Amino acid sequence: MKPVIFGLSGETLTADERAFFAEVEPAGYILFKRNIADRAQVRALTDDLRRLHGRDDLLIMIDQEGGRVARMQAPVWPSFPPGAAFDRLYDIAPSSAIAAARANARAIALTLAEVGITVDALPLLDVRQDGASDIMGDRTLGADPMRVAALGRATLEGLAEGGVVGIVKHMPGHGRAMVDSHLALPIVNANLNALETDLAPFRTLNRAPMGMTAHVVYTEWDAEQPASLSPKIIGEIIRQRIGFDGLLMSDDLDMKALRGSIPELAAGVVAAGCDLALNCWGRMDDMVGIAGLLPDITDQARARLDRAMASVTRGADQPELEELLATRDSLLDLALA
């Protein structure tokens with residue numbers, strides 16, 4: 001097995017993809033809008049991937065946050081609110097906000113599990129900061145670390161109750177970035193005391209099954225390398241100070257924050273300490289290059305992968321999706337009253 005998550009080019013596997021994936025055996029896959037048409041098609045695609053590898057617990061992930069980040073969209077699937085909706089409700093009724101976030105995440109999980117998706121890149125534990133780039137903005141769960149952790153925990157619990165593994169992101173915190181890391185490399189010059197605010201939600205939820213790194217430079221920790229490529233940040237900050245021992249993946253290697261070839265970046269994030277590299281775009285030349293440069297997955301990373309995928313078991317007795325959405329909406333209406 002190679003320590004990488006690959007994207008796919010379309011709604012079905014091509015012959016070249018099928019042969020390549022069977023030979024390389026990536027740790028998992030990520031789906032985007034280009035891979036999604038309707039329920040039957042997505043279920044057929046995920047079943048095909050599982051058959052290809054003979055792994056019922058195959059990591060098949062998606063970014064289904066709600067708001068402006070949603071790969072599965074209406075009218076086929078329900079619309080889900082961004083994190084800011086639960087932040088607003090928390091101002092009025094914290095317990096109701098936590099219940100709404102849990103119901104919302106469980107509803108998301110039911111829609112994903114129905115079509116064979118096993119992992120969601122949620123929740124964001126990035127603490128929002130005034131004046132920062134809007135790339136986080138309404139995606140975040142707030143500006144208070146305790147609130148972010150409480151709503152993040154509810155989201156992880158809701159996803160697990162619905163049979164889906166959650167990913168805490170973007171470690172060790174993207175909330176101070178002044179530029180969008182999809183477009184440029186953010187450099188954070190905050191001092192160590194300020195950075196403790198960013199670490200706090202991740203430390204609280206350090207037993208999460210999966211985490212994702214940030215393509216952000218934190219000059220107090222490593223002035224040269226962004227977190228995804230920094231052995232110091234991954235080893236000393238994420239693994240030791242935060243205490244996270246779950247499966248750690250990089251953010252997408254194609255983001256403009258990083259410089260270098262995609263295969264070299266994949267090798268770099270794994271060498272720095274990420275368990276898996278994330279390569280989203282399904283370009284065969286990049287994927288072949290990655291497979292050629294990456295070593296086999298380490299025993300420790302494979303154990304973390306297996307532990308994460310075994311962390312949830314979808315129960316037979318699930319509430320109806322409509323019931324969860326109604327519960328969420330009745331609670332969120334408090335914030336609009």
Side-chain angles (χ1 to χ4, degrees), residues 1-6 21-30 46 49-62 109 112-113 116-123 125 152-153 156-157 159-172 202-214 227-253 265-279 290-291 293-314:
M1 179 185 291
K2 292 292 183 179
V4 63
I5 297 168
F6 281 141
F21 293 149
E23 177 184 357
V24 170
E25 194 183 358
Y29 299 92
I30 183 167
T46 60
L49 290 168
R50 272 182 284 275
R51 281 193 300 270
L52 182 65
H53 297 291
R55 289 156 52 196
D56 289 339
D57 64 347
L58 182 64
L59 188 165
I60 304 175
M61 66 179 281
I62 196 167
L112 301 186
I117 296 171
T118 54
V119 178
D120 192 13
L122 195 70
L125 299 186
R153 186 187 302 278
L156 283 173
E157 291 171 349
L159 290 173
E161 288 164 0
V164 169
V165 182
I167 303 172
V168 293
K169 62 183 188 182
H170 304 79
M171 302 176 85
F202 294 105
R203 186 181 288 119
T204 300
L205 299 182
N206 64 6
R207 296 180 67 85
M210 294 186 180
M212 178 183 290
T213 61
S228 302
L229 289 163
S230 172
K232 179 175 182 180
I233 292 177
I234 292 173
E236 296 182 15
I237 306 303
I238 294 176
R239 293 300 191 192
Q240 294 181 26
R241 190 174 300 180
I242 290 174
F244 178 73
D245 191 39
L247 182 81
L248 186 67
M249 65 184 72
S250 73
D251 206 343
D252 178 22
L253 300 175
L265 290 171
V269 299
V270 170
C274 290
D275 294 310
L276 304 179
L278 178 60
N279 174 236
I290 288 170
L293 284 185
L294 282 182
D296 289 340
I297 193 169
T298 65
D299 290 343
Q300 185 178 47
R302 180 61 191 265
R304 287 172 175 153
L305 171 62
D306 291 345
R307 186 172 71 231
M309 296 310 299
S311 67
V312 297
T313 302
R314 179 177 165 82

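Just so it is clear, the model here is predicted, and its values are computed rather than measured.
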For [X] and [Y], which heavy atoms make the closest approach, and how far apart are they?
X	Y	result
Thr298	Ala301	OG1-N, 3.0 Å
Ala267	Leu293	CB-CB, 4.3 Å
Gly166	Pro209	O-CG, 3.7 Å
Ile242	Pro172	CD1-CB, 4.2 Å
Pro26	Val4	CB-O, 3.5 Å
Cys274	Met249	SG-C, 4.3 Å

Would you sort out whether Leu159 and Val312 count as a side chain to side chain contact (heavy atoms under 4.5 Å, CB included), showing the intermediate values? CA-CA 9 Å; Leu159 290 173; Val312 297; over 6 Å; no
Test side chain to side chain contact (heavy atoms under 4.5 Å, CB included) applied to Ile30 and Ile62, step by step: CA-CA 5 Å; Ile30 183 167; Ile62 196 167; 5.7 Å; no
Count the heavy atoms belonging to other residues, nucleotides or ligands that lie under 6.0 Å from CZ of Arg207, then report whether that count exceeds 12.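 For Arg207, atom CZ is not crowded (no more than 12 foreign heavy atoms under 6.0 Å).
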Taking ring-ring contact (aromatic ring centres under 6.0 Å, His included) as the test, write out the residues that go with Phe244, two or more places apart.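 Residues passing ring-ring contact (aromatic ring centres under 6.0 Å, His included) with Phe244: none at all.
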Between Lys169 and Asp252 (salt bridge meaning N to carboxylate O under 4.0 Å), is one present in this structure?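 The answer is no: the pair does not qualify as a salt bridge.
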Side chain to side chain contact (heavy atoms under 4.5 Å, CB included) between Leu58 and Thr46, worked out: CA-CA 9 Å; Leu58 182 64; Thr46 60; over 6 Å; no
Nearest 0.5 angstrom please: [X] [atom1] to [Y] [atom2], how far?
X	Y	atom1	atom2	result
Glu157	Glu161	CD	CD	6.5 Å
Ile238	Phe202	CD1	CZ	8.5 Å
Arg307	Met210	CZ	CE	10.5 Å
Phe6	Asn279	CZ	CG	6.0 Å
Leu278	Leu253	CG	CG	6.5 Å
Leu59	Met309	CG	CE	5.0 Å

Output yes when a side-chain donor or acceptor of [X] lies under 3.5 Å from a complementary backbone atom of [Y], and no otherwise.
X	Y	answer
Arg55	Ala27	yes
Thr213	Met171	no
Asp275	Leu248	yes
Ser311	Ala308	yes
Arg50	Gly116	yes

Side chain to side chain, [X] and [Y], heavy atoms closer than 4.5 Å:
X	Y	result
Met1	Asp296	no
Leu276	Ser250	no
Lys2	Glu23	no

List the steps, then state whether side chain to side chain contact (heavy atoms under 4.5 Å, CB included) holds for Leu247 with Val165. CA-CA 11 Å; Leu247 182 81; Val165 182; over 6 Å; no
